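What follows is one structure encoded as structure tokens, with my remarks underneath.
Numbering of ligands and ligand atoms starts at 1, following listing order. All figures in this text were calculated on a predicted structure; none of them were measured in a lab.
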Amino acid sequence: MSDLVQYSRKGAIGVVTVNNPPVNALGHGVRQGLIDAVAQGEADAGVTALVLIGGGRTFIAGADIREFGKPMRAPGLQEVLERLEASPKPVVAAIHGTALGGGLEVALTCHWRVAVASAQVGLPEVKLGILPGAGGTQRLPRLVGPKLALDMITTGNPIGAKKALEAGVVDEIISGDLLEGALAFAAKVVAEKRPLRLISRMDEKVRGVDPAVFADYRKSMERRARGYFAPWRCVETVEAACALPFKEGLARERELFTQCMESEQRKAMIHVFFAEREVAKIPDVPASIEGKTIGRAAVIGAGTMGGGIAMNLANAGIPVQILEVSQEALSRGLGVIEKNYATSVARGSLAQAAMDKAMGLISGTQRFEDIGQSDIVIEAVFEEMGVKKEVFGKLDQIMKPGAILASNTSTLDIDEIASATKRPEAVIGLHFFSPANVMRLLELVRGAKTSKETIASGMRLAKTMRKIGVLAGNCDGFIGNRMLHGYLREANFLLEEGALPQQVDKVITDFGFPMGPFAMGDLAGLDVGWRIRKGKAASRPKDERYSPLGDRICEMGRFGQKTGAGFYHYEAGSRTPTPDPVIEKLILATSAELGIARRQIADEEILTRCLYPLVNIGAAILEEGIAIRASDIDIVYLNGYGFPPYRGGPMFWAEQIGLAKVVATMRGYEAQHGPSWTPAPRLVRLAEAGKGWADAG
Ligand code: NAD
């Protein structure tokens, strides 16, 4: 027998234990071991029933993702499941931790399921671009009905044991020792001579289901599943469960599973899965440097970002003091925080008690001396070097030794900020994204002297706040905004050359972004970029192409949604962008003034002109060591800038197209538009060698 699955006896019950740490994934050895253990239990004359349980911290938490995309070595999961379900002796699954994906599919072929109260069950396959391919889509609806099955299979979100009990996924919750409870349950089943419960033979809940259920469900998914492949196939599987006999339903599930497996989206989403795990690894900051636990924190500035950052900290259970220059600014900032929480409570997404707890952790002050004992201080004042340096000079005076001094700057030089202190090793950039309490991305910016310990503490804090931390080097715009610069530059040039904002935005949203560049600018506020551009105007090379459009729109007092107008017009109280003839006139006049003959621009050109700069700047960022790996750049774009997850991020996407093809297109643009399109050396080298980002460049 495989050493990953053990068989033992407890009285008259055979116990099958899966021991494949860390999560008992259903790799080949486990599959073979399960078949062998069940056979042994059946052959064991003194045994009347079997209990299937996970060793270590969980039941079976899913497939072995490393086997994805390769032909599965026999026995396949289907075979294991048929074997389990066909066991003439009752099989009881005993669940703790999580029963996810293939793990829940295994449990669904057992005749009964018991679980501890903290257990969770779910079918998260859709999050990897696939669907449950071992009968889960056919058995779950038979057990719980189509509605909950649709929710679980199309979102991939797990449910807790209590809900699982109510829905019938679990038959009993065990409050004491799980194995003892499961043995007692199995003994009871035997004593009562209960007929085996084969979910595949139950069809009460899937018979006579109104087809409108599926039509309505598809409608309800339109927003959240736009552009995705797998969730729509998931609906088809549940529909099949309701329309077809079990065996035919299984065959349909297999077909749809194969379609998902072969899709580009599946590759992209598996890439993201691994990228999210890689991003935490920093080559010169080994895991042995754990970093500090943050017990209390301070935030400087209660504006848009400071307020959101304070909410993040409080949500993670960390007491936080907010420091402001005036009582008025402080009250305003605290008021906004309270209002944000209250909105969540009113919407039902936050419990009143959770709001009270978070608000109880947030306090305000105007005195620097009050915050000196914090383990970390995060500065979020105006984006001006003078102001930042003054603040850091003060922090250096009053913060206790060992405290981390962080800045939320989006563009300024961390080393210069650190130079205002006598402890540059404790200074780091923590670049949050707006709204800071919602966005998952946190760019950590490493200054020349930032210590490894400070980096480790920052990464740890990101995790505590449930954010995804990405380490970046110190340069203008770090990873994300530096790339964004190229994207916005081309979007504006396209307007001068013949496109209109709505055309550019449509191409980008059709690609899968939630918003195009112009709607995004209007949302973020056009004045922010305007101010930055003005600051850099003097140092801009005179021969560099520069679009005056953004500045002209701001000069008209149009700062975006907040002024009711920007690249688009907004009706009072509305966030819906409406194309504006005033802007069209401005764009046409600008083209004429610049002597550019407007032309019809194909969608394909819009897409590559906007997105290839991300790839090219990404390649430069890699070469300079600003990002550790290409997949980190993908993580930044997926979590901070709305790049569609099912395309894997800009770097992965370019690799799928083929780096050589990307370079060839860039060469064409270089001939037309000049050196801003010269492909980055690393991109050229990899393309010429037929290599990918992960290869040594
Ligand atoms: P904001 O204008 O909304 O808030 C700044 C706050 O800082 C104001 O309330 C102001 O009273 C306070 N302040 C100014 N000087 C101070 C001082 N010396 N001591 C204490 N408080 C002081 O600005 P914001 O949008 O929250 O941006 C703050 C920082 O975050 C900037 O560095 C910005 O670049 C960065 N950032 C902003 C965004 C964004 O989308 N808004 C995103 C990422 C990073």
Enumerated ligand 1 atoms positioned under 4.0 Å from heavy atoms of Ile300: 19 (N), 20 (C)
For atom 40 (O) of ligand 1, the protein heavy atom that lies nearest, with its residue and separation: Ser434 CB, 3.3 Å
Any Leu441 side-chain heavy atom under 4.5 Å of Val636 side chain: yes
Non-hydrogen atom of Ala524 closer than 4.0 Å to ligand 1: no
Distance-only polar pair, side chains of Asp551 and Tyr546, donor-acceptor under 3.5 Å: yes
Those atoms of ligand 1 less than 4.0 Å from some heavy atom in Phe382: 2 (O), 5 (C), 8 (C), 10 (C), 14 (C)
Aromatic ring pairing Phe643/Phe511, orientation class (parallel under 30°, perpendicular over 60°, tilted between): perpendicular
From CA spacing to verdict: side chain to side chain contact (heavy atoms under 4.5 Å, CB included), Ile479, Met483: CA-CA 6 Å; Ile479 298 177; Met483 288 162 66; 3.8 Å; yes
Which segment of Lys388 sits under 4.0 Å of ligand 1 when only heavy atoms are counted: side chain
Which residue and heavy atom of the protein sit nearest atom 19 (N) of ligand 1, plus the separation: Val325 CG1, 3.6 Å
Under-4.0 Å heavy-atom contact between protein and atom 30 (O) of ligand 1: yes
Protein residue, atom and distance nearest to atom 5 (C) of ligand 1, heavy-atom basis: Ala380 O, 3.6 Å
From the candidates Glu390, Glu328, Met439, Glu383, the one that places a heavy atom nearest atom 33 (C) of ligand 1: Glu383
Residues Arg332, Glu324; criterion salt bridge (Lys or Arg N to Asp or Glu O under 4.0 Å); working and verdict: CA-CA 10 Å; Arg332 190 175 354 104; Glu324 257 293 351; over 6 Å; no
Passing option when Glu276 is tested against Lys281, Lys127, Arg440 for salt bridge (Lys or Arg N to Asp or Glu O under 4.0 Å): Arg440
Donor on one side chain, acceptor on other, Thr421 and Asp396, under 3.5 Å: no
Atoms in ligand 1 with a heavy atom of Gly301 nearer than 4.0 Å: 7 (O), 12 (C), 21 (N)
Atoms in ligand 1 flagged as close to Val391, the criterion being non-hydrogen separation under 4.0 Å: 18 (N)
Face-on cation placement of Arg545 at Phe493 ring, 6.0 Å and 45° thresholds: yes
Numbered atoms and elements of ligand 1 in range of Asn408, under 4.0 angstrom, heavy atoms: 29 (C), 30 (O), 35 (C), 36 (N), 44 (C)
Glu379, Glu324, Met305: member with heavy atom nearest to atom 26 (O) of ligand 1: Met305
Student check: side-chain heavy atoms of Ser407 and Phe392 closer than 4.5 Å: yes
Which of the ligand 1 atoms, numbered from 1, are nearer than 4.0 Å to a heavy atom of Thr409: 32 (O)
Closest to atom 22 (C) of ligand 1 among Val381, Ile309, Ile378 (heavy-atom distance): Val381
Close side-chain approach of Ile583 and Arg558, heavy atoms under 4.5 Å: yes
Atom 43 (C) of ligand 1: nearest protein contact (heavy atom, Å): Phe432 O, 3.1 Å
Per-atom contacts, ligand 1 versus His431 - under 4.0 Å to a heavy atom: 43 (C), 44 (C)
Tyr641 and Tyr637 aromatic ring geometry - parallel, tilted or perpendicular at 30°/60° bounds: parallel
Those atoms of ligand 1 less than 4.0 Å from some heavy atom in Gly303: 3 (O), 4 (O), 6 (C), 9 (O), 26 (O)
